[in-house]
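One-based numbering, in listed order, for ligands and for the atoms of each. The basis for the numbers below is simple: all heavy atoms, side chains too, and nothing from hydrogens, waters or symmetry mates.
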Amino acid sequence: MRILITGAAGLLGNELVQSVQAKGWESIAASRVDWDLAKPEEAAYLIGKYKPDVTVHCAAETNVDKCELEPDWAKLINEDATAALAAAIQAAGSRLVYISSCGIFSGDSRVSYLETDIPKPRTIYAASKYHGELRVQETNPDFLVCRVGWLFGGSLTQKKNFVEARRKEALTGKPMMSANDKWGSPTWAKHAADRIVDLIDISAGGVAHVANAGVVSRHEYVCGILAALNSTATVQAVDSSNFKRAAPVPDFEAISSVRNKDWGMSPLPSWQEALADYVKIYAAIKTP
Ligand SMILES: NC(=O)C1=CN([C@@H]2O[C@H](COP(=O)(O)OP(=O)(O)OC[C@H]3O[C@@H](n4cnc5c(N)ncnc54)[C@H](OP(=O)(O)O)[C@@H]3O)[C@@H](O)[C@H]2O)C=CC1
Ligand SMILES: Cc1cn([C@H]2C[C@H](O)[C@@H](COP(=O)(O)OP(=O)(O)O[C@H]3O[C@@H](C)C(=O)[C@@H](O)[C@H]3O)O2)c(=O)[nH]c1=O
């Protein structure tokens, strides 16, 4: 099977390329040079050139605060480009897997959101991701939408390596603080990628929540990272108002799935197990 991954240089995209190759499928790692999402009309050229059986659309404007300040940009990159890709894929008779976000819910719940819960985006970013979902659902009857949790992992050079960012912050010796009023589902990008590939393999459709098990505050999450790294640095629990953000991010972004039984799959491991497994690999990367 030939799988095209957009955003292949990103945190999740890079893991997806590896998971697809581990499955023995052909992977096409598409990056910005292959298609600039700021030109939605060029999606058709990308699909016509590579003729994938399945396209996993990871590419997005993922800077939540930038989206809040530039709503037209957020719509262009996260909604309009997705709609153009969906149309090109439908015309070509292939499949689209759209990567969406745990952040599309109101955040008012304190119980993990399920696929059956109604999205109510609070930020421009989340609205643009959810509108992307709606464009896909109206265009591609055999769609698969995968909402993922707070992603971590990747190489040391990965711009969004949250573990490496916290390790470096701890090394500065400066006091660390983290929000104790924002909760989510930390998710190892490798686990998310492997699950997405397994869902493609069984031709799963509809909406899928893909996240490691467990709900944790940012503060507990950062403490868990430092413990896993055997760091003695301490993290002060603070209110999220200490982090000046343009976007009113939801308080609660944890997700879990009600569909594992449908798929014949076990829930993903806990975020703590995933983090421990990642740190084992990470430590190997880190040793010179
Ligand atoms: N990270 C997280 O915690 C979460 C992520 N998600 C979703 O998962 C997906 C992957 O996220 P993640 O791996 O963290 O994202 P990254 O920011 O690591 O990667 C995003 C990718 O999109 C590409 N991209 C951005 N703008 C454009 C553009 N204008 N044209 C072409 N490519 C572009 C980037 O290219 P380049 O490398 O050149 O910059 C990058 O490779 C996204 O759809 C995101 O919305 C959902 C929930 C949580
Ligand atoms: C370490 C830390 C950072 N922050 C703030 C500082 C920084 O401005 C902001 C950026 O961190 P993040 O990028 O992880 O946060 P954020 O931009 O909210 O991450 C988002 O990613 C996108 C792609 C999504 O899809 C969302 O669901 C969400 O996961 O978080 C806290 O609020 N608390 C903390 O403990």
Side-chain angles (χ1 to χ4, degrees), residues 5-17 29-40 42-43 46 56-68 73-74 76-78 80-82 85 97-105 107 121-123 125-126 128-130 132-133 145-154 157-163 165-166 169 176-189 192-193 196 209-211 216-223 225 235-255:
I5 298 115
T6 69
L11 173 56
L12 180 60
N14 184 272
E15 289 289 356
L16 269 164
V17 170
S31 64
R32 205 184 279 266
V33 293
D34 300 292
W35 175 38
D36 180 352
L37 274 64
K39 298 171 184 166
E42 294 185 2
L46 177 80
V56 186
H57 186 38
C58 290
E61 178 52 70
T62 58
N63 184 319
V64 177
D65 288 335
K66 176 180 173 72
C67 287
E68 199 69 23
W73 176 256
L76 173 67
I77 302 298
N78 292 347
D80 298 348
T82 299
L85 182 68
V97 178
Y98 173 66
I99 307 300
S100 189
S101 171
C102 55
I104 61 165
F105 297 103
R122 290 172 51 90
T123 68
Y125 161 80
S128 71
K129 291 298 294 184
Y130 180 50
E133 288 190 18
V145 166
C146 293
R147 297 174 184 145
V148 297
W150 286 350
L151 295 177
F152 69 85
T157 54
Q158 179 52 250
K159 283 179 281 184
K160 295 190 64 177
N161 189 322
F162 194 76
V163 173
R166 299 291 75 79
E169 186 183 1
M176 292 178 71
M177 62 180 189
S178 189
N180 61 359
D181 58 353
K182 298 288 182 185
W183 293 270
S185 304
T187 299
W188 186 11
I196 291 164
H209 283 185
V210 179
V216 71
S217 72
R218 277 202 182 273
H219 175 253
E220 294 160 318
Y221 174 30
V222 173
C223 289
I225 290 170
V235 192
Q236 184 192 355
V238 297
D239 183 277
S240 54
S241 59
N242 285 271
F243 293 88
K244 297 293 167 259
R245 299 206 64 180
V249 294
D251 291 337
F252 192 90
E253 296 184 288
I255 56 173

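Applying the 4.0 Å criterion to heavy atoms of A9 picks out, from ligand 1, the atoms 37 (O), 41 (O). Per-residue contacts place K160 under 4.0 angstrom from the following atoms of ligand 2 (heavy atoms of the residue considered): 23 (C). Numbered from 1 in the order shown, with element, the atoms of ligand 2 that lie under 4.0 Å from a heavy atom of T62 read 23 (C). The S101 neighbourhood of ligand 1 comprises atoms 46 (C), 47 (C), with distances under 4.0 Å to a heavy atom of that residue. Below 4.0 Å from some heavy atom of R166 lie the following atoms of ligand 2, by number and element: 1 (C). Below 4.0 Å from some heavy atom of W35 lie the following atoms of ligand 1, by number and element: 30 (N), 31 (C). Within the listing of ligand 1, atoms 29 (N) sit less than 4.0 angstrom from a heavy atom of I77. Atoms of ligand 1 lying under 4.0 Å from any heavy atom of W150, numbered from 1 in the order shown and given with element: 3 (O). Near F162, with a cut-off below 4.0 Å to any heavy atom, the atoms of ligand 2 are 1 (C).
Considering backbone and side-chain atoms together, V148 places no N or O closer than 3.5 Å to any N or O of ligand 1. Ligand 1 has no nitrogen or oxygen under 3.5 angstrom from a nitrogen or oxygen of W73. Remark: ligand 1 and K129 share an N or O pair separated by less than 3.5 Å (distance only, no angle test). In terms of polar-atom proximity, defined here as any N/O pair under 3.5 Å, A8 makes no such contact with ligand 1. Taking distance alone, with nitrogen or oxygen atoms compared against 3.5 Å, E61 stays at or beyond that limit from ligand 1.
Pairing each heavy atom of K182 with each of V249, the nearest pair is NZ-O, 2.8 Å. Closest non-hydrogen pair, G132 versus T82, comes out as O-CG2, 3.8 Å. Looking at every heavy atom in both residues, G153 comes nearest to L11 through O-CD1, 3.3 Å. Looking at every heavy atom in both residues, A211 comes nearest to I255 through CB-CG1, 3.7 Å. For L12 against A192, the heavy-atom pair with the smallest separation is CD1-CB, 4.0 Å. Across every non-hydrogen atom of W150 and G184, the tightest pair is CH2-N, 3.4 Å.
Closest to atom 8 (O) of ligand 1 among all protein heavy atoms lies I99 CG2, 3.4 Å. For atom 27 (O) of ligand 2, the closest heavy atom belonging to the protein is S101 OG, 2.9 Å. The protein atom (non-hydrogen) at minimum distance from atom 45 (O) of ligand 1 is Y125 OH, 2.7 Å. Closest to atom 5 (C) of ligand 1 among all protein heavy atoms lies L151 CD1, 3.9 Å. Among all non-hydrogen protein atoms, the one lying nearest atom 17 (O) of ligand 2 is R245 NH2, 3.0 Å. Of all protein heavy atoms, the one lying nearest to atom 1 (N) of ligand 1 is K160 NZ, 3.3 Å. The protein non-hydrogen atom at the shortest distance from atom 13 (O) of ligand 1 is L12 N, 2.8 Å. Shortest contact from atom 35 (O) of ligand 2 to any protein heavy atom: S178 OG, 2.2 Å. When only non-hydrogen protein atoms are considered, atom 35 (O) of ligand 1 lies nearest to R32 NH2, 3.6 Å. Closest to atom 29 (N) of ligand 1, if we only count protein heavy atoms, is D36 OD1, 3.2 Å. Protein heavy atom at the shortest distance from atom 21 (C) of ligand 1 is G7 CA, 3.8 Å.
Contact annotation: the side chain of F162 never approaches that of L151 to less than 4.5 Å [non-hydrogen atoms, C-beta and beyond]. In this structure, Y130 and S100 have side chains that are not in contact, with every pair of non-hydrogen atoms separated by 4.5 Å or more. Two residues are said to be in side-chain contact when any heavy atoms from C-beta on lie closer than 4.5 Å; E133 and I104 meet this criterion. Residues R218 and F243 form no side-chain contact, since every pair of their non-hydrogen atoms from C-beta on lies 4.5 Å or further apart.
For atom 25 (O) of ligand 2, a protein non-hydrogen atom is found at a distance below 4.0 Å.
At least one heavy atom of C102 sits closer than 4.0 Å to an atom of ligand 2. Proximity of K129 to ligand 2 is not established, as no heavy-atom distance is less than 4.0 Å. Ligand 2 lies within reach of Y125, whose nearest heavy atom is under 4.0 Å from it. Put simply, no part of H219 is less than 4.0 Å from ligand 2, judged by heavy atoms.
C146 meets the side chain to side chain contact (heavy atoms under 4.5 Å, CB included) test with V97, I99, L144, I196, L199, A208, V210; sequence neighbours excluded. Among residues two or more places apart in sequence or in another chain, the side chain to side chain contact (heavy atoms under 4.5 Å, CB included) test is passed with N78 by A60, E61, C67, Y125, S128, K129.
K159 NZ to T157 OG1: the interatomic distance, rounded to the nearest 0.5 Å, is 10.5 Å. Put simply, CG on D36 and CG on L46 are 12.0 Å apart, with the number rounded to the nearest 0.5 Å. From E68, atom CD reaches atom CZ of R122 across 10.0 Å, with rounding to the nearest 0.5 Å.
Checking V64, I255, L151 against atom 20 (C) of ligand 2, the nearest heavy atom belongs to V64. Between atom 28 (C) of ligand 2 and the options F105, W150, F243, the minimum heavy-atom separation is to W150. Closest heavy-atom approach to atom 14 (O) of ligand 2 among the candidates M177, K182, R218: R218. For the residues L37, T187, L11, the heavy atom positioned nearest atom 18 (O) of ligand 1 is part of L11.
The aromatic rings of Y221 and F152 sit tilted, their planes meeting at an angle between 30° and 60°. Ring-plane geometry between F252 and W183 is classed as tilted, the angle between the planes lying from 30 to 60 degrees on a 0 to 90 degree scale.
Put simply, the side chain of D181 never gets that close to the backbone of D239: no donor and acceptor are under 3.5 Å apart. Side-chain N or O atoms of H57 include none that pairs as donor or acceptor with a backbone N or O of T6 at under 3.5 Å.
Counting heavy atoms under 4.0 Å from ligand 1, residue H57 does not touch it at all.
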